[in-house]
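Bear in mind that the values here come from a model prediction, so they are computed numbers and not experimental data.
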Amino acid sequence: MLVNKLAEPGDILCFKIVTGDEIVAKLVEATPTGFVVNRPCTVIPSNQGLGLMQSLISADINNNVTLKFEHVVMHGPVITDIENHYIRTTTGIQPAKSGIIT
């Protein structure tokens with residue numbers, strides 16, 4: 001399978017999987033059979049906007065998991081707001097706002 005080089009390890013990507021769920025995760029590596037990701041979270045719509053929930057509730061969030069290519073319908077980079085929310089959710093770190101610091 002030909003995989004375009006759309007992302008580098010460490011990038012935060014979104015994946016639409018065959019069940020219809022959208023997953024946001026940090027890319028560890030792309031292997032011949034799938035994407036190895038870290039800290040996958042499922043996008044959950046709510047009254048307050050989009051939320052993120054740990055995709056594997058009973059798994060250790062620090063272990064990498066593989067999304068097999070045959071289960072991924074499409075993938076791509078996330079928008080900045082979702083990337084910042086993902087970082088806040090998975091690490092507790094508030095990303096700095098872009099622009100001039102005063």
Under 6.0 Å from the CG atom of D60, do we count more than 12 heavy atoms belonging to anything else shown? yes
F15 side chain reached by H71 side chain, heavy atoms, under 4.5 Å: no
How is the hydrophobic cluster of I61 composed, in terms of its other members, when Ile, Leu, Val, Met, Phe, Trp and Tyr link through side-chain heavy atoms under 4.5 Å apart, directly or indirectly? none
With sequence neighbours excluded, residues passing side-chain contact (heavy atoms from CB on, under 4.5 Å) with M53: I44, I57
What heavy-atom pair brings P40 and A25 nearest, and what distance separates the two atoms? CA-CB, 3.8 Å
Just by distance, do the side chain of D11 and the backbone of E8 share a donor-acceptor pair under 3.5 Å? yes
Distance in Å, S55 OG paired with E22 CD, rounded so as to fall on 0.5 Å steps: 11.0 Å
Rounded distance [0.5 Å steps], CZ in F35 versus NE2 in H75: 3.5 Å
Are any side-chain N or O atoms of T66 and backbone N or O atoms of K68, one a donor and one an acceptor, separated by less than 3.5 Å? no
Pairwise distance CZ(R39) to CD1(I23) - rounded to 0.5 angstrom: 16.0 Å
Taken to the nearest 0.5 Å, the spacing of N38 CG from L27 CG works out to 10.0 Å
Hydrophobic cluster membership, I79 vs V43, 4.5 Å side-chain cutoff: yes
Intermediate values then yes/no, side chain to side chain contact (heavy atoms under 4.5 Å, CB included), L52 and H85: CA-CA 8 Å; L52 296 173; H85 184 53; 3.6 Å; yes
Test side chain to side chain contact (heavy atoms under 4.5 Å, CB included) on V36 and T31; report intermediate values, then the result. CA-CA 7 Å; V36 178; T31 69; 3.7 Å; yes
What about V73 and F69, same hydrophobic cluster or not, with Ile/Leu/Val/Met/Phe/Trp/Tyr joined at side-chain heavy-atom distances under 4.5 Å? no
Can you measure from CG (N62) to OG1 (T90) and round to the nearest 0.5 angstrom? 10.0 Å
Could you measure the distance from the CD atom of E29 to the CG atom of N64? Nearest 0.5 Å is fine. 8.5 Å
Residues in side-chain contact (heavy atoms from CB on, under 4.5 Å) with V78, at least two apart? I12, C14, V24, I82, E83
So which heavy atom on V37 is nearest to which on V28, and how close? C-CG2, 3.9 Å
Testing the basics here: between C41 and Y86, what is the closest heavy-atom pair and its distance to 0.1 Å? SG-CE1, 4.1 Å
